[in-house]
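Report on one structure; see the data block that follows.
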Amino acid sequence: MIEGEGGRADRPVEGEGRMPERPIIGVDEDQQVGVEELRALGVERETLIAFYRTMYLSRRLDDKEIQLKRQNRIFFQISGAGHEAVLTAAALQLRPGRDWCYPYYRDRALCLQLGVTSYEMLLEAVGAEDDPASGGRQMPSHWGNARLRIVSQSSPTGTQFLQAVGCAEAGRRLDPDADDLVYVSGGDGATSQGEFWEALNAACLRRAPVLFLITDNEYAISVPVEAQTAGGSISRIVRAFPGLHVEEVDGCDPIASLRVLKRAVARIRTEGLPALVHAHTIRPYSHSLSDDERQYRAPLEREAQMSRDPIPRLEAVLARLGMVDGAFLQAVRQEVNDEVEAAARAALEAPRPRPESVHRHVYSERVDPCADRFDVPPAPGDGEPKTMVDLLNACLRDEMRRDDRILLFGEDVADCTRQDQLPEVKGKGGVFKVTHHLQRQFGSQRVFNSNLAEASIVGRAIGMATRGLKPVVEIQFFDYIWPAMMQIRNELAPMRWRSNGAFSCPVVVRVPIGGYLSGGALYHSQSGEVLFTHIPGLRVVMPSTALDANGLLRTAIRCDDPVLFLEHKHLYRQTHNKAPYPGPEHAIPFGRARIAREGGDLTVVTYGAVVVRAVRAAEALARDTGVQAEVIDLRSLQPFDWETVAASIGKTGRVLVAYEDALSFGYGAEIAALVADRLFDFLDAPVRRLGGLDTFVAYEPGLEAAILPQVDDLRSAMAALASY
């Protein structure tokens, strides 16, 4: 649509119901393509026949899955029909097993052309044990193949984009001279996700060799593109990104798609810069078999798109050029039909996963962070006591010296982004100085600032870790972790499990957390660790002393699982938790608590900044009444040390679970429930909890003190429990 006079747009108002006039690039231009032009593209007769076979095979697999779903022999189906031409063209430009791929659910033809077999795809559809994508754990069309470097795909829309950028960054670091690229795709609907825009920005900022392929079939389920994208064209919008090469093509035209993809990929390989190809495709089938497009698409519109079906269009090109006749194409189709039927029979007979296998690959089987190998005491020495900030910094320094795969990035973690000014400034090194001077020691390629985008930090780190690096990233405040929640919950934690052990992403996410700051208020003082301990596949730790912070961070870095490392801000520079530098090997196993204070009359289970308050309360109670409370510092929240908790309660018969977060539905509720369930016969009093008030943390110090558990609150709760 063209802007009218006075800046008024001559286009339908949202909800008006008129289809936009969308010119399709190149619809007719290649119908008269000649043999010589094809040869200039490197396309011979055999290439086009193989191209046709892949497209037809993709369509027949869709049709077979639809048939099986209607027979209730598989349980879900989503098709790639109408996308076959541009996807096959894209795959022909890629190097299987060398380039990395982050496809989405319509990319059946791409995966076939890269080397995934019909049988493997149907194993995925039936949920077979030998399904190479997930072993029956994911829906069909959630592609994954370690041999071909097709990274395990998830269902959330658009989460793959940031991971692809991180993967490309990792490739450049691991082999700076290679011309590999990373392919990532999505539909027109996915471009509405903020992470798509974060990925484009990051790719341009980092000059990442990524091919973004947007297959635009004009619908995101029932929402048409003019209600999805301003102006109805994503390529028109993104052309302003510096360094981003943008192409637009009729994705139903095989020859035009080959030409454009060949040009875009060549540019990425030679210049190392990102490119985006906007391919106009069709969706001749409904979004999935759970959808019926007749409810929202008029018959005329549905019929009109069939003239653009890429399969008959390539048939016409092959016939016009005299490359094949009708009998030859029929023979190809029959061969494909026979292949699909044979693959379906074999897949339906394949063994299904055993129920007892569901626990495999939740965590790494290669490295157990709870093992004795991580129980390394501090090296002897008489050094000056250091704060938690000092010993966290020391651990990062030691580990970066040991392992050059480790990268540190996040907001403000570097000393100075403008390196020419680095000699003239003290350096930032994080808002709490945990990463101070590490950029100076290890360079700006290993310690660098990210843009202000939490999802981008975690998503890119996932891609880096999947490719073999060890990112240790920082989310500046726990209160701002929520934009990264989709990446943490749906990508970081389940990657190993959903791929049946084929892929992993052992990222360490450092996060300052908690209150007791006098002025932090509700956006710099919140807790909420329970929302993460509830996620399978994610390790969560929260040290309360400088020595434990050093040892647990080392375990987190050497661990093979993703770790959320929670650092309580109030404890960063306290004097009571200082310790001398413990040497470069000190480590503490996950899931092992620390007895912060011994006692025999009651047990207090706690962690974080409440530990020191519980110890002070217990000492006051002992002075006043003689009651001796045992205080357990969990240190590790997932996993946690049930054995130490149970042994203490078995001795005392009374337990108070104390935590800083809001009382209701908090982390301590799970501990209390387990105690009541497993240790009821040992209890001499009810299980008690003490937490923060069910509100937010306030700015004014008096309000904050009233909201969070204080020493007097803990002492009163202990006294009441002891006297029950």
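Here the structure is a predicted model, which is why all the values come from computation and not from measurement. Note that these values count all heavy atoms, side chains included, but never hydrogens, waters or copies made by symmetry.
For the pair D180 and R467, the salt-bridge criterion is met [side-chain N within less than 4.0 Å of a carboxylate O]. By the 4.0 Å N-to-carboxylate-O rule, E169 lies too far from R172 to be salt-bridged with it. Checked for salt-bridge contact, D179 and R95 meet the test: a charged N lies under 4.0 Å from a carboxylate O. A salt bridge does not link E218 to R297: none of the charged side-chain nitrogens sits closer than 4.0 Å to a carboxylate oxygen. The pair R60-E339 does not count as a salt bridge, with every side-chain nitrogen at least 4.0 angstrom from each carboxylate oxygen.
For the residue pair T229 and I234, the shortest heavy atom distance occurs at CG2-N, 4.0 Å. Closest heavy-atom contact between R106 and N217: NE-ND2, 3.9 Å. Here the shortest heavy-atom pairing between A50 and Q113 reads O-OE1, 4.4 Å. Taking every heavy atom of both residues into account, L200 and L244 meet most closely at CD2-CD2, 4.1 Å.
Judged purely by distance below 3.5 Å, without hydrogens or angles, the side chains of S58 and R108 never pair a donor atom with an acceptor atom. Side-chain contact of Y183 with D107: a donor-acceptor pair under 3.5 Å is present, judged by distance alone. Remark: the S154 side chain and the E491 side chain contain an N/O donor-acceptor pair separated by less than 3.5 Å. Side-chain N/O atoms of Q334 and D338 include a donor and acceptor closer than 3.5 Å.
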What pairs of donor and acceptor atoms, side-chain ones from residues 499-507 against any protein atom, are under 3.5 angstrom apart with sequence neighbours left out?
{"from": "S499", "atom 1": "OG", "to": "M495", "atom 2": "O", "distance (Å)": "2.8"}
{"from": "S499", "atom 1": "OG", "to": "R496", "atom 2": "O", "distance (Å)": "3.3"}
{"from": "S499", "atom 1": "OG", "to": "A502", "atom 2": "N", "distance (Å)": "3.3"}
{"from": "S499", "atom 1": "OG", "to": "F503", "atom 2": "N", "distance (Å)": "3.0"}
{"from": "S499", "atom 1": "OG", "to": "F503", "atom 2": "O", "distance (Å)": "3.4"}

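Legend: side chain to side chain donor-acceptor pair (under 3.5 Å) pairs involving residues 142-151, not counting sequence neighbours, sorted by first then second residue: H142-S155.
Atom CZ of R207 sits in a sparse spot, with 12 or fewer heavy atoms from other residues, nucleotides or ligands closer than 6.0 Å.
Partners of S290 by side-chain contact (heavy atoms from CB on, under 4.5 Å), not counting sequence neighbours, listed by chain and number: F76, S288.
The main-chain N or O of S456 is never found under 3.5 Å from a side-chain atom of Q487 such that the two would form a donor-acceptor pair.
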